Amino acid sequence: MKYQKISIVMDLLGCPNRCRHCWLGHAPNPRLSLEDLRFAAEAFRPFCDTLEVYDWSREPDFAPDYRERWALCNALSTVPARDHFELASLWRLARDDSYAPWLKSLGVDVVQLTLFGGEETTDWFTGRRGAYQDILAAVDRLLVAGIAPRVQAFVNKRNLPELPAVEDFIRRLDLEARCKAIGQEFRCFVHQGSCNGENRRFYPDWITPGDLEKIPAYLMEKTLEHFGAAAPAEVYGLPEAELYQALLRDKTVKSLGAGLTEPVLYIGGGFTAYPNFGEPSSPAWALGNLKTHGPEAVLTALAEDKSPAQQARATVPLAELARAQGDPESQRLFGREDYIEFLLNGYCMA
């Protein structure tokens, strides 16, 4: 078996945060070495034409030698001009004044920052005291480096009343004008995220249609603009009850592993591998252990839907998933695919 491209996303050091919305879950911070990264890269290299290697899966550039690690990942990757994405270490941005200029040197023009409301609420959701103050420091350093901060806010019924504090943050820091001054357009958006990983715990607090009217008009306007949406339903989805009824008529199943040409694999601290379309800390999505089972077994498990979650999606009709896990009375808002994944994960945990 040979893929066009394999991307390895290896969690070497973990993350300084314990965000309560994290779809990746709260796995313990590992202490994997650079030799472990080299081992993983060489293990999968024979099975693809192009290999892409990343030394983080939660917070990038968390290690003090982040520049050397970036260079190593480039050296291990078949194509060295890899994308840093629009993600950065908030922790490092607030503490390392050379970090933002380095990001800019890699071609990074936008970095996403996450708010949940005011300072106390943002710190609580991030799982770390001082996170809000770090965001304030990060904004200044990003703009000085010519990088536009983009603000995303997660919303549920618990923090919905604090969304005006997010708008106040944007206005107080004059982000529209300051981004324009560096030739960038300021963007922000509000969404509920997927109801998986740690965010699944907020299912009881999930937003319903009436809550959309409580999102400040400015934030809703910017959200629709960001997603290119004409109406809130295109961003926030439909009530669960409607999706539930639609899925009750859907007898289809789906292979998640068949036909992949460029799989992305998350490798945790114990060398267990997961596909990036599941929960990379849940046993239901485990493909096997790279050291114990080897790379070919991991890729075979991916292709043949051998993880419990993939097997369930490939054999259990959507109607049965809905019947087993859905709520026919719920008005909670979901996108269709996010709702299917929510049902699937619940089915596997039952």
Side-chain angles (χ1 to χ4, degrees), residues 17 19-23 86-87 90 110-128 130-140 142-143 147-182 184-195 198-199 201-240 242 330-335 338-339:
N17 307 316
C19 294
R20 286 175 164 89
H21 71 288
C22 184
W23 70 276
E86 294 177 344
L87 301 172
L90 173 65
V110 178
V111 163
Q112 187 158 284
L113 305 174
T114 302
L115 289 168
F116 300 88
E119 181 168 5
E120 183 178 350
T121 299
T122 294
D123 283 0
W124 186 83
F125 272 93
T126 307
R128 178 172 63 82
Y132 185 87
Q133 291 298 320
D134 284 353
I135 293 172
L136 289 174
V139 166
D140 288 338
L142 288 170
L143 287 165
I147 298 173
R150 182 177 64 215
V151 173
Q152 75 164 340
F154 283 88
V155 62
N156 55 51
K157 289 182 182 292
R158 185 177 299 201
N159 74 321
L160 180 63
E162 288 218 25
L163 288 184
V166 176
E167 183 175 359
D168 178 67
F169 174 94
I170 294 166
R171 306 277 193 203
R172 180 162 41 91
L173 297 182
D174 200 17
L175 294 183
E176 294 263 10
R178 292 171 76 187
C179 286
K180 186 177 181 180
I182 62 169
Q184 296 273 16
E185 179 184 0
F186 172 70
R187 292 186 174 273
C188 68
F189 59 98
V190 178
H191 65 145
Q192 69 268 56
S194 61
C195 198
E198 295 302 314
N199 215 22
R201 300 175 190 271
F202 292 110
Y203 174 77
D205 302 308
W206 217 246
I207 58 170
T208 52
D211 295 326
L212 299 182
E213 300 172 5
K214 301 173 186 176
I215 297 175
Y218 170 80
L219 295 181
M220 178 61 79
E221 178 186 344
K222 297 294 284 186
T223 297
L224 297 180
E225 179 184 299
H226 175 77
F227 288 105
E234 295 177 38
V235 176
Y236 301 100
L238 298 172
E240 180 178 2
E242 291 185 33
S330 167
Q331 291 298 299
R332 297 172 180 87
L333 292 171
F334 288 92
D338 282 343
Y339 186 55

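This structure is a prediction, so every number in the text was calculated from the model and none was measured. For the single chain, residues carry numbers from 1 onward in sequence order.
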| said: Working note: R332 + S330, criterion side-chain hydrogen bond (donor to acceptor under 3.5 Å, both in side chains); need CA distance, chi angles, decisive distance, verdict. | reply: CA-CA 6 Å; R332 297 172 180 87; S330 167; 3.1 Å; yes
| query | Got L219 and L163 here, is their nearest side-chain heavy-atom distance under 4.5 Å? | reply | yes
| field | Lys/Arg N to Asp/Glu carboxylate O, R187 vs E176, below 4.0 Å | value | no
| task | Work out which heavy atom in G130 is nearest to a heavy atom in D123; give both atom names and the distance. | result | N-OD2, 3.1 Å
| Is there side-chain contact between F186 and V110, with heavy atoms separated by less than 4.5 Å? | no
| request: Heavy atoms only: give me the nearest E185-C179 pair and the separation to one decimal. | output: C-CB, 4.3 Å
| task | Indicate yes or no: does D140 engage R178 in a salt bridge with an N to O separation below 4.0 Å. | result | yes
| T223 side-chain N/O to V190 backbone N/O, donor-acceptor pair under 3.5 Å | yes
| Taking E162 for the side chain and G118 for the main chain, is one N or O donor matched with an acceptor at less than 3.5 Å? | yes
| message | Does either side chain, that of Y203 or that of E240, offer a donor lying less than 3.5 Å from an acceptor on the other one? | response | yes
| said: When you compare the side chain of H191 with that of Q152, does any pair of heavy atoms fall below 4.5 Å? | reply: yes
| Do any N or O atoms from the side chain of Q192 and from the backbone of L333 form a donor-acceptor pair under 3.5 angstrom? | yes
| Can you tell me if N156 uses its side chain to pair, donor with acceptor, with the backbone of W206 under 3.5 Å? | no
| query | Can you say whether the rings of H226 and F189 are parallel (under 30°), tilted (30 to 60°) or perpendicular (over 60°)? | reply | parallel
| request: For residues S194 and N199, report the shortest heavy-atom separation together with the two atoms involved. | output: O-ND2, 3.1 Å
| Between F334 and L238, does a side-chain contact (heavy atoms from CB on, under 4.5 Å) hold up when you go through it step by step? | CA-CA 6 Å; F334 288 92; L238 298 172; over 6 Å; no
| query | Do L115 and Y132 have side-chain heavy atoms sitting under 4.5 Å apart? | reply | yes
| message | Distance alone, cut at 3.5 Å: any donor-acceptor contact between the side chains of H21 and E198? | response | no
| said: Whether the side chain of Q184 engages the backbone of K180 through a donor-acceptor N/O pair (distance < 3.5 Å, no angle test) should be reported. | reply: no
| said: Can you confirm whether the side chains of T208 and D211 place a donor and an acceptor under 3.5 Å from each other? | reply: yes
| query | Between the main-chain N or O of F154 and the side-chain N or O of N159, is there a donor-acceptor pair closer than 3.5 Å? | reply | yes
| query | Using 4.0 Å as the upper bound for N to carboxylate O, is an ion pair formed by R150 and E86? | reply | yes
| message | Ignoring hydrogens and geometry beyond distance, is a side-chain donor-acceptor pair present between E119 and Q133 at under 3.5 Å? | response | yes
| Are any of the side-chain heavy atoms of L113 and F169 separated by less than 4.5 Å? | no
| said: Has D338 got a side-chain atom pairing as donor or acceptor with C195's backbone, closer than 3.5 angstrom? | reply: no
| query | Does the side chain of P149 come within less than 4.5 Å of L143's, by heavy atoms? | reply | yes
| Closest heavy-atom pair and its distance - G117, T122 | O-OG1, 3.3 Å
| D205 side-chain N/O to V155 backbone N/O, donor-acceptor pair under 3.5 Å | no
| query | Just wondering, do P209 and Q331 contact through their side chains at under 4.5 Å, heavy atoms? | reply | yes
| field | E120 atom CD, over 12 foreign heavy atoms within 6.0 Å | value | no
| Does the pair T126 and T114 meet the rule for a side-chain contact (heavy atoms from CB on, under 4.5 Å), with working shown? | CA-CA 9 Å; T126 307; T114 302; over 6 Å; no
| said: Just to verify, what does F125 make a ring pair (Phe, Tyr, Trp, His ring centres under 6.0 Å) with, not counting sequence neighbours? | reply: F116, F202
